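What follows is one structure encoded as C-alpha cells, with my remarks underneath.
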Amino acid sequence: MGAGHGHRLHFHGHSPVHRAPAHLKLLLLLAFMLVVVATPRGWYAAFALEAALLLGVVALSRVPLGYLAPRMIIEVPFAIFAVLVPFISYGPRIEVWGLTVSEPGLYAGIALLVKGTIGVLASLTLAATTEPQAILRGLQRLRMPDLIVQIMGFMVRYLDVVTAELGRMMVAMRSRGCDPRSPRHWPTLARAMGALFIRSYERGERVHLAMLSRGYEGRLP
C-alpha cells in the first residue's frame with residue numbers, strides 16, 4: 001500500500017490488543033457499539049460500566065490517552081448538537097444552572113454525548129492498535145464485498161496524496177493574500193475545494209484506466 005500511507009492514527013506497539021486478529025477486533029467493536037447504542041438513556045451505571053471496560057482496553061493496549069484525546073476532535077460537531085438538544089426540544093421544562101431547558105431533551109442530549117464519546121474512543125482505539133492493511137484483510141476475512149474493500153483500500157492509499165495536494169493549494173492561496181480562515185475568503189475556499197474534488201475524480205479515472213490496461217477484471221491479485 002506504500003510506505004507511510006494511512007498510518008496517521010496507528011500507534012506502534014506490541015500489546016495484546018495490537019497482536020489480536022483484526023477480524024476479531026472488528027467483531028468485538030461492532031458488538032460493543034451495538035450494546036452501547038441499545039443502552040437506554042438514563043442507565044448511567046451501564047454507561048459507566050461500558051466506559052470503564054473501554055478504558056481498560058485502552059490501558060491494556062498501552063496507547064496513551066494523550067495520543068487519543070487530540071484525535072477525538074472529530075466528535076466536536078456531535079457534541080455541539082448534543083448541547084443544543086435541550087434548548088430546541090419540546091416537553092416539560094426544568095432549570096439547570098440557571099437555564100430553562102427541555103427535560104426530555106436534556107436526557108437525550110446527555111445520552112447522545114455519552115454514546116458518541118464512547119463510540120469515537122472505541123473506534124480510535126481500533127485504529128491506533130490495528131494497521132490499515134490489517135483492517136482491510138480483516139474485512140475480507142469477514143466476507144465483506146470485495147469491491148467495497150478495494151474502494152476502502154484506495155481511500156487509505158491516496159488519502160495522503162489528496163491531503164498533500166490540499167496543503168499545496170492552501171500555501172498557494174496564502175501566498176496570494178487569501179486567508180482561508182476569513183469569512184471574506186470562504187467563496188475562494190469553496191472554489192478550491194471544488195477544484196480539489198475534480199482533480200481527485202480525474203486521478204481516480206486515470207488510476208482505473210491504468211488498472212484496466214494491466215488486466216484488472218474486478219479483483220486485485
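Everything quoted here is computed from the prediction, not taken from an experiment.
- Considering CG of Leu126 and CG of Leu28, their distance stands at 10.0 Å, rounded to 0.5 Å.
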N/O donor to acceptor pairs below 3.5 angstrom from side-chain atoms of residues 29-36, sequence neighbours left out:
none

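- Tyr67 approaches His10 most closely through the heavy-atom pair OH-O, 3.1 Å.
- Annotation for Ala111 and Arg41: closest pair CB-CB, 3.5 Å, computed over non-hydrogen atoms.
- Within 6.0 Å of CD1 in Ile74 there are 12 or fewer heavy atoms belonging to other residues, nucleotides or ligands.
- From Leu54, atom CG reaches atom OG1 of Thr125 across 5.0 Å, with rounding to the nearest 0.5 Å.
- By the rule that hydrophobic residues join a cluster once side-chain heavy atoms approach within less than 4.5 Å of another member, Met170 and Leu159 end up as members of separate clusters.
- Here Phe11 contributes atom CZ and His18 contributes atom NE2; the two are 7.0 Å apart, rounded to the nearest 0.5 Å.
- Each of Phe78, Phe81, Tyr107 was checked for a side chain to side chain contact (heavy atoms under 4.5 Å, CB included) with Leu112, and the lone residue meeting it is Phe81.
- Transitive grouping of hydrophobic side chains (ILVMFWY, heavy atoms separated by less than 4.5 Å) keeps Tyr201 and Met155 in distinct clusters.
- Under the 4.5 Å side-chain heavy-atom criterion for grouping Ile, Leu, Val, Met, Phe, Trp and Tyr, Ile88 is not connected to Ile110 through any hydrophobic cluster.
- If you chain together hydrophobic residues whose side chains sit under 4.5 Å apart, Val85 and Phe47 never meet in one group.
- Screening Ile118, Leu124, Thr117 against Val120 for a side chain to side chain contact (heavy atoms under 4.5 Å, CB included) leaves a single residue, Leu124.
- Nearest heavy atom pair, residue Thr129 against residue Lys25, reads O-NZ, 3.0 Å.
- Contact record, Ala192 with Met173: CB-SD, 4.0 Å, taken as the closest heavy-atom pair.
- When the side chains of ILVMFWY residues are joined at heavy-atom separations under 4.5 Å, either directly or via intervening members, Leu166 and Val171 end up in two distinct hydrophobic clusters.
- Note that CZ of Arg71 and OG of Ser123 are 14.5 Å apart. Values are rounded to the nearest 0.5 Å.
- Taking every heavy atom of both residues into account, Leu136 and Met152 meet most closely at CD2-CB, 3.9 Å.
- Going from atom CZ of Arg191 over to atom CH2 of Trp186 covers 15.0 Å, rounded to the nearest 0.5 Å.
- A donor atom on one side chain and an acceptor atom on the other are not found under 3.5 Å apart for Ser200 and Arg203.
- Under a 3.5 Å cut-off, the side chain of Ser89 and the backbone N or O of Pro86 do not form any donor-acceptor pair.
- In this structure, Glu75 CD and Ile80 CD1 are separated by 10.5 Å, a value rounded to the nearest 0.5 Å.
- Between Ala134 and Thr130, the shortest heavy-atom distance links the atoms CB-CG2, 3.8 Å.
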Check: residues 141-150 side-chain donor-acceptor pairs under 3.5 Å, at least two apart:
unit_1, atom_1, unit_2, atom_2, d
Arg143, NH1, Arg141, O, 3.2
Asp146, OD2, Gln150, NE2, 2.6
Gln150, OE1, Tyr216, OH, 2.7
Gln150, NE2, Gly218, O, 2.9

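- Leu26 is listed as a side-chain neighbour of Leu139, based on a closest heavy-atom distance under 4.5 Å.
- For Met193, the CE atom sits in a packed shell: over 12 heavy atoms of surrounding residues, nucleotides or ligands are nearer than 6.0 Å.
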